[in-house]
Amino acid sequence: MADEDTTIWLFGTVHALPEGIDWYHGPVARALGESEMLVTEIEMTAETAASMKALVTRIGTLPEGQSLRAMLNAEQRTVYEDALARLGLPAAAFDPYEPWYAAMMLGMLPLLKEGYSPAAGVETVLQQARGEEMPRGALETLEEQLAIFDSLPMEAQVRLLIETAEGVDDIKAMLDLMVAEWAEGDAAELARLINESMSDPVLAERLLYRRNANWARWIDERLDRPGTVFLAVGAGHLAGTQSVQDKLAELGIATARVQ
């Protein structure tokens, strides 16, 4: 999207990828090369991992004397413990943590075991492509991003945990499909897969739709200042209904797809 003196390239990412996927070339490389700033969802620095550990300890742990498994009924506990066992983890692995964090880890660990890595993810590659000389920006802080999950009602957190546990064997296959559609640029099929994997309307509102609206407002304000910006956010935010593009259209801002 662009006006008289501002251009904003909007690019959908996959945060973790296996090695060997060749995507950084052609229009993407040219657009980043022409840009004066790279903006991602959160600031990606060497300190991010350490900050996340401290934040999870502060906002993601249960009060002393409480246990995650004690919050689950017998059926839920069986599903959850079975998923942990499939990953080679002890049943008590995440007992001190709130359900959202355990769900996040259950969603990540199968991918890490199968060769997916943030080090090969799109944001990391984009940052490395331009080196350290390119100014950076972020739409959210790490704390704001984690607060999306932490602020979910406890019932929604437990639903997310159990749904993740039930599908733990399919997580890698589902992301393989999403990556294939992302690489093909098939936004409609990508949206279908994302909608299929996110059945909870509360989570969809918090994780996707509300943030898409916030980011559209950020873009609207950024268009008031001259320059060229490369804005990279998760591909799920740019697909389906209530996407960032839909929210921009509501603000009267037109977007044009170039790849």
Side-chain angles (χ1 to χ4, degrees), residues 8 10-17 32 35 37-63 68 93-94 96-112 116-132 134-154 156-157 160-161 164 171 175 178 194 197-198 200 202-219 221-222 229-238 244 247:
I8 298 179
L10 192 56
F11 184 62
T13 72
V14 180
H15 303 314
L17 285 172
L32 184 63
S35 298
M37 174 176 279
L38 171 63
V39 178
T40 50
E41 293 181 26
I42 59 172
E43 187 176 4
M44 306 290 289
T45 68
E47 291 75 36
T48 300
S51 298
M52 180 165 181
K53 184 176 180 180
L55 272 172
V56 167
T57 300
R58 180 161 63 83
I59 70 173
T61 52
L62 292 165
L68 187 154
F94 300 113
Y97 297 99
E98 295 182 2
W100 68 264
Y101 179 70
M104 183 180 292
M105 295 307 295
L106 283 184
M108 288 175 54
L109 289 173
L111 300 175
L112 296 176
Y116 276 80
S117 168
V122 172
E123 287 86 352
T124 302
V125 172
L126 291 173
Q127 290 184 155
Q128 292 172 343
R130 284 293 303 269
E132 294 302 318
M134 189 177 195
R136 307 284 166 73
L139 298 171
E140 301 168 340
T141 65
L142 179 60
E143 185 164 9
E144 287 171 339
Q145 197 165 86
L146 292 184
I148 295 167
F149 297 94
D150 186 55
S151 63
L152 286 169
M154 198 55 69
Q157 290 190 35
L160 175 63
L161 175 61
T164 306
I171 288 172
L175 190 55
M178 290 182 179
I194 290 168
S197 66
M198 191 171 294
D200 190 329
V202 174
L203 186 61
E205 172 63 27
R206 300 278 185 91
L207 190 59
L208 291 176
Y209 309 147
R210 187 180 299 178
R211 296 167 77 204
N212 292 348
N214 290 339
W215 298 351
R217 287 191 290 270
W218 184 94
I219 291 169
E221 294 174 4
R222 184 60 186 80
V229 176
F230 193 101
L231 177 56
V233 299
H237 295 279
L238 308 184
V244 172
K247 299 300 184 182

Whether over 12 other heavy atoms sit under 6.0 Å from E43 CD: no
Is [Y] close to [X] at the side-chain level, that is, under 4.5 Å between some pair of heavy atoms?
| X | Y | result |
| --- | --- | --- |
| V233 | L139 | yes |
| I219 | V244 | yes |
| L17 | V14 | yes |
| Y97 | L62 | no |
| S35 | V229 | no |
| P118 | H15 | no |
| R130 | L38 | no |
| W100 | I148 | no |

Residues L231, F11; criterion side chain to side chain contact (heavy atoms under 4.5 Å, CB included); working and verdict
CA-CA 6 Å; L231 177 56; F11 184 62; over 6 Å; no
Sorted by chain and residue number, the salt bridge (charged side-chain N to carboxylate O under 4.0 Å, His left out) partners of E41 (sequence neighbours excluded) come out as R211
Between [atom1] of [X] and [atom2] of [Y], what distance do you get to the nearest 0.5 Å?
| X | Y | atom1 | atom2 | result |
| --- | --- | --- | --- | --- |
| F149 | L203 | CZ | CG | 6.5 Å |
| Y209 | K247 | OH | NZ | 9.0 Å |
| D150 | E144 | CG | CD | 13.5 Å |

Contacts satisfying salt bridge (Lys or Arg N to Asp or Glu O under 4.0 Å) that involve residues 97-112 (not counting sequence neighbours) are none
Do you know the tightest heavy-atom contact between [X] and [Y]?
| X | Y | answer |
| --- | --- | --- |
| L207 | H237 | O-CE1, 3.3 Å |
| A102 | L68 | CB-CD1, 3.6 Å |
| A232 | L126 | CB-CD1, 3.7 Å |
| P110 | I171 | CG-CD1, 4.2 Å |
| P153 | V202 | CD-CG1, 4.2 Å |

By side chain to side chain contact (heavy atoms under 4.5 Å, CB included) - contacts of [X] (at least two apart):
| X | answer |
| --- | --- |
| P63 | Q66 |
| M105 | F94, Y101, L109 |
| Q128 | T124 |
| A129 | Y24, L32 |

Residues which pass side-chain hydrogen bond (donor to acceptor under 3.5 Å, both in side chains) with [X], listed by chain and number, not counting sequence neighbours:
| X | answer |
| --- | --- |
| S117 | none |
| R217 | N214 |
| W215 | E140 |
| R58 | E143 |

### Message
Working note: L142 + M52, criterion side chain to side chain contact (heavy atoms under 4.5 Å, CB included); need CA distance, chi angles, decisive distance, verdict.
### Response
CA-CA 7 Å; L142 179 60; M52 180 165 181; 3.8 Å; yes
Notebook entry, point to check: Going by atom types only, do E123 and T13 share a side-chain donor-acceptor pair under 3.5 Å?
Noted result: yes
Worksheet item: Going through the distances and angles, do F230 and I8 end up as a side chain to side chain contact (heavy atoms under 4.5 Å, CB included)?
Response: CA-CA 6 Å; F230 193 101; I8 298 179; over 6 Å; no
